[in-house]
Amino acid sequence: MSEGKSHLNFIEEIIEDDLRNGKHGGRIHTRFPPEPNGYLHIGHVKAITINFELAKKYGGKTNLRFDDTNPTTEDTEYVEGIKNDIRWLGYEWEEQALYASDYFEQLYNYAIQLIEKGLAYVDDSTAEQIAEMKKTPTEAGIESPYRSRSIEENLELFKAMRAGKFEDGSRVLRAKVDMTSPNMHMRDPVIYRIKHEHHHRTGDAWCIYPMYDFAHGQSDSLEGITHSLCSLEFTHHRPLYDWFIEKLEIFPSRQIEFARMNVTYLITSKRKLLKLVEEGIVTGWDDPRMPTIAGMRRRGYPPAALRMFCEKAGVAKRDNLIEIELLESCVREELNRTSIRAMVVTDPVKVLITNYDPAIGEELPAENNPEDPTAGERTMSFSNELYIERDDFMEDPPKGYFRLFPGGSVRLKHAYIITCNEVVKDESGQVTELRCTYIPESKSGADTSGLKVKGTLHWVDAKTAIEGEIREYDKLFTDPTPAGHDDKDVFDFINPASLNINRKARFERAVAAAKEGDSYQFMRKGYYTADRDHSENHPVFNSTVNLKESFKVQKA
RNA sequence: UGACCCAUGGUGUAACGGUAGCACUACAGAUUUUGGUUCUGUCUGUUAAGGUUCGAAUCCUUAUGGGUCAACCA
């Protein structure tokens, strides 16, 4: 049986082509190369899934390599966070994690080789002078006066740089490429700089550090990476990437660029994300409103949903802006399949069942997940005093409203049909209690009443329900592309109501057993996930995503 | 006045010279003890102009639009 068309993306086509041609003996090896200077976000999720899934699909391997060539910004704290996030996403890398810093000695030797070939030189110019001599994209650059230094002098100076003889910024090592190239990265790029700084792994062993362009390609090559996948903004680096491989005559890894993912209402600038944290607009890197992996995890987005999202978003080279609705759809799809249902009344109004004996109560069975029979069932307490959702009652309902109203009947899910007979209000006109009667013959699963009602409501037993907290999250920004305005800053679009803490909620008893990270569907409301602040006696849930609603209650 | 990349419904992504498909969204309808799920259906698309060809979203040319590149960041 045919599985239908395969719909390869352009990277898969390249890979299958390579496989057909027997390139690298059919070996596929990718890598995910984060810099350990911050937390991973939704954009990284795409890079992670592309690298790991491609290797998985073609029987290859994926390395995790920390691109730690700049000691100024990097820290081991981030290394652990990143590893944790990748594992949580469901991926495991080859062997142990690798580090560009493991190759410092080898990279240094590569630099020596380049100097010996007359392809690199030590430049004493200042950063400003170098920038000036590079000129602009539309104007050819000019050569540095130090460009013609002898190989011997370059060797001597570079060794002295390593030996710590010079101050930060006083000299750099540059590759001798082409100052007139239309590609700015080919205009004698700086490949080593002096930084007398402590490195999170190599400590004080080095005071010169390779630049990205001199570390990345060679690291790929050393690891035998066959397909080095990165985002489009590195396209201009590719000629340089290839140049070093060619001149050093090392394993030819191939760089392939894809468009990074943009999602409406989300930002992925590390700098701006950091500012949100620092300004206290969010509570931290793992605030459930953050587009970080840590934030999405705390929000309750399942890893499978994130993977599904990236797969559905696809891989191509054109700029894209994916609607957040696709992400939410993936989250719902996953959670609908897997999450246990519970009844939680978020804005309670009391219901008194006047014909139900206040002295007794009963335990009613309730299925845990209609999508999954193996999820079993639980029981819910029922008595003459209940709570229902304030939204589920209207004294003067519009047509099309099939919840509760005076004289109307609804089914209480897993329980009985009730009819509203009397509305009790306080001085301000606020409804305080609904007096109803129930139909004893209408019990769920044993309904002999023959009655049909249109509405089914969720409810909790007032006597046994637990009070707790729901943190309702909305979008952090009011604009779909907060970072896409030249005249405005992302901070001009902060949604002042992105967090609403609800302390009125009443939870059915079963949710008390939730553990941090457990997701539930609060029936007819949405998906919610137990926060780390959750406890048995005081439930605390984060709203993950609402259920789709095809009916909106119009407010008077 | 540069180089490089890109252009398919509202959004994302397929179609590899031969019926423009899938998903999300939106809107209908069916089912439903969740106004959820599921099912069915509908709406909306090849940036433009030339050229090659029996035939072009696909190949060529030009135009238009968008993006990227000038850190001792990655």
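Lettering follows sequence order; numbering is per chain, from 1.
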Could you tell me how far B:G66 sits from B:C60 if I compare only their C1' atoms? Round to whole Å. 23 Å
Once each nucleotide of nucleotides 67-74 of chain B is scored for protein heavy atoms under 4.0 Å, what B/S/- sequence comes out, 5' to 3'? SBSB-BSB
Protein-nucleotide distance (A:I324, atom CD1; B:U11, atom P), rounded to Å: 17 Å
P atom, B:U68 versus B:G12: distance in rounded Å? 16 Å
In terms of the angle between their ring planes, are A:W206 and A:F104 parallel, tilted or perpendicular, with boundaries placed at 30° and 60°? perpendicular
Kindly say whether A:S228 contributes a backbone atom to a donor-acceptor pair with the side chain of A:R254 at under 3.5 angstrom? no
Quick check on salt bridge (Lys or Arg N to Asp or Glu O under 4.0 Å): which of A:K176, A:R147, A:K135 does A:D188 satisfy it with? A:R147
So that I can tick it off, tell me whether A:R65 and A:D102 are bridged by a salt bridge, with the cut-off set at under 4.0 angstrom between side-chain N and carboxylate O. no
For residues 124-145 of chain A, which residue pairs pass the ring pair (Phe, Tyr, Trp, His ring centres under 6.0 Å) check, not counting sequence neighbours? none
Strictly below 4.0 Å, N to O, side chains only: are A:E35 and A:K270 in salt-bridge contact? no
To the nearest angstrom, how far is A:M308 atom CE from B:G12 atom P? 20 Å
C1' atoms of B:C43 and B:U47, separation to the nearest Å: 22 Å
Identified pairing partner of B:U64, criterion: Watson-Crick or G-U wobble below 3.5 Å: B:A7
Students often get this wrong, so: under 4.0 angstrom with heavy atoms, is A:L321 touching a base, only sugar-phosphate, or nothing? sugar-phosphate
Across every strand shown, the nucleotide meeting Watson-Crick or G-U wobble geometry with B:G18 (both distances under 3.5 Å) is B:C54
Which atom pairs link the protein and nucleotides 40-43 of chain B when you take only N or O atoms and keep those under 3.5 Å?
none

Given the C1' atoms of B:A63 and B:A7, what is the spacing between them in whole Å? 14 Å
Using the P atoms only, state how far B:U19 lies from B:U25, rounded to an integer number of Å. 29 Å
Heavy atoms under 4.0 Å, any strand shown: does A:V453 hit a base, just sugar-phosphate, or nothing? nothing
Geometric cation-pi criterion, A:K475 with A:Y265: 6.0 Å, 45°: yes
Between CG of A:D178 and C1' of B:G2 the distance, given in whole Å, is 14 Å
Taking the C1' atom of each, how far is B:U8 from B:U1, in whole Å? 33 Å
Which residue pairs pass the salt bridge (charged side-chain N to carboxylate O under 4.0 Å, His left out) test with at least one member in residues 313-325 of chain A, sequence neighbours excluded? none
When you compare B:A28 with B:G36, how far apart are their P atoms, in angstrom units rounded to a whole number? 12 Å
Just by protein heavy atoms under 4.0 Å, how would nucleotides 20-39 of chain B read 5' to 3' in B, S and -? ---SBSS------BBBBS--
Do the rings of A:H199 and A:Y209 sit parallel, tilted or perpendicular, given the 30° and 60° boundaries? parallel
Indicate the ring-plane relationship of A:F158 and A:Y108, choosing parallel, tilted or perpendicular according to the 30° and 60° boundaries. parallel
Considering every strand shown, what is the Watson-Crick or G-U wobble mate of B:G2 when both distances are under 3.5 Å? B:C69
Between B:A26 and B:A3 - C1' atom distance, rounded Å: 42 Å
In whole angstrom, give the distance that lies between atom CG of A:N320 and atom P of B:A14. 11 Å
Measure CD/A:E257 against P/B:A3 and give the value in whole Å, please. 19 Å
Under the salt bridge (charged side-chain N to carboxylate O under 4.0 Å, His left out) definition, can you give me all pairs with a residue in residues 209-219 of chain A, not counting sequence neighbours? none
Quick one: A:E139 CD to B:A3 C1', roughly how many Å, whole number? 15 Å
Starting at CG of A:L457, measure out to CD of A:E389 and round the result to the nearest 0.5 Å. 9.5 Å
May I ask you to say whether A:D124 pairs ionically with A:R149, meaning some side-chain N is under 4.0 Å from a carboxylate O? yes
